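Predicted, not measured: the structure shown is a model, and the values here were computed from it.
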Amino acid sequence: MGSEPPGEDLLVLPPIPLATGRLLRDDDDRPVPITAVELVVSTEDGVEHRIPLVARHGAWWPPDR
């Protein structure tokens, strides 16, 4: 099991949709269907962590973890 040092302020995503919608406008202002949404978190060591959001009820939710 991973044990975090006491007092660490870990990132927590709220149990609410972080975005809504199924379309995104491209550079020519045309609607394009969205197939995936990810939250990208960069850490001070230069690593990027990608958190894929889950499509539910017309919105993009944080994963259940």
Side-chain angles (χ1 to χ4, degrees):
M1 283 189 213
S3 61
E4 287 77 24
E8 286 291 318
D9 190 14
L10 297 177
L11 177 69
V12 176
L13 299 177
I16 59 172
L18 300 179
T20 60
R22 297 176 308 162
L23 301 171
L24 185 69
R25 294 208 177 270
D26 68 8
D27 293 340
D28 295 325
D29 205 33
R30 292 182 300 227
V32 179
I34 297 169
T35 59
V37 175
E38 293 182 330
L39 175 65
V40 178
V41 179
S42 299
T43 54
E44 72 177 17
D45 59 0
V47 176
E48 285 189 347
H49 302 269
R50 304 179 92 69
I51 303 170
L53 300 184
V54 179
R56 261 191 252 142
H57 312 295
W60 297 93
W61 296 72
D64 295 330
R65 38 172 158 146

Review point. Under the 3.5 angstrom rule, does the side chain of W60 hit a backbone N or O of G21 as a donor-acceptor pair?
Key: yes

Review point. When clusters are formed by joining ILVMFWY residues with side-chain heavy atoms under 4.5 Å apart, either directly or through shared neighbours, do V37 and L18 land in the same one?
Key: yes

**Study point:** Donor-acceptor pair, side chain of D45 and main chain of V47, under 3.5 angstrom
**Key:** yes

Exercise for review: State, with a plain yes or no, whether a side-chain heavy atom of P33 is found less than 4.5 Å away from one of L23.
Suggested key: yes

Check your understanding: Are V41 and L13 connected in a single hydrophobic cluster, I mean Ile/Leu/Val/Met/Phe/Trp/Tyr linked by side-chain heavy atoms less than 4.5 Å apart?
Key -> yes

Exercise for review: Give a yes or no on whether D27 atom CG has more than 12 heavy-atom contacts from other residues, nucleotides or ligands under 6.0 Å away.
Suggested key: no

**Study point:** Atom of D28, atom of D26 and distance for their closest heavy-atom approach
**Key:** N-OD1, 2.9 Å

**Study point:** Expected output: side-chain W61 to main-chain R56 donor-acceptor under 3.5 Å
**Key:** yes

Practice item. Work out which heavy atom in E38 is nearest to a heavy atom in P52; give both atom names and the distance. Key: CG-CA, 3.9 Å

Review point. Side chains of R22 and I34: does their closest heavy-atom pair fall under 4.5 Å?
Key: no

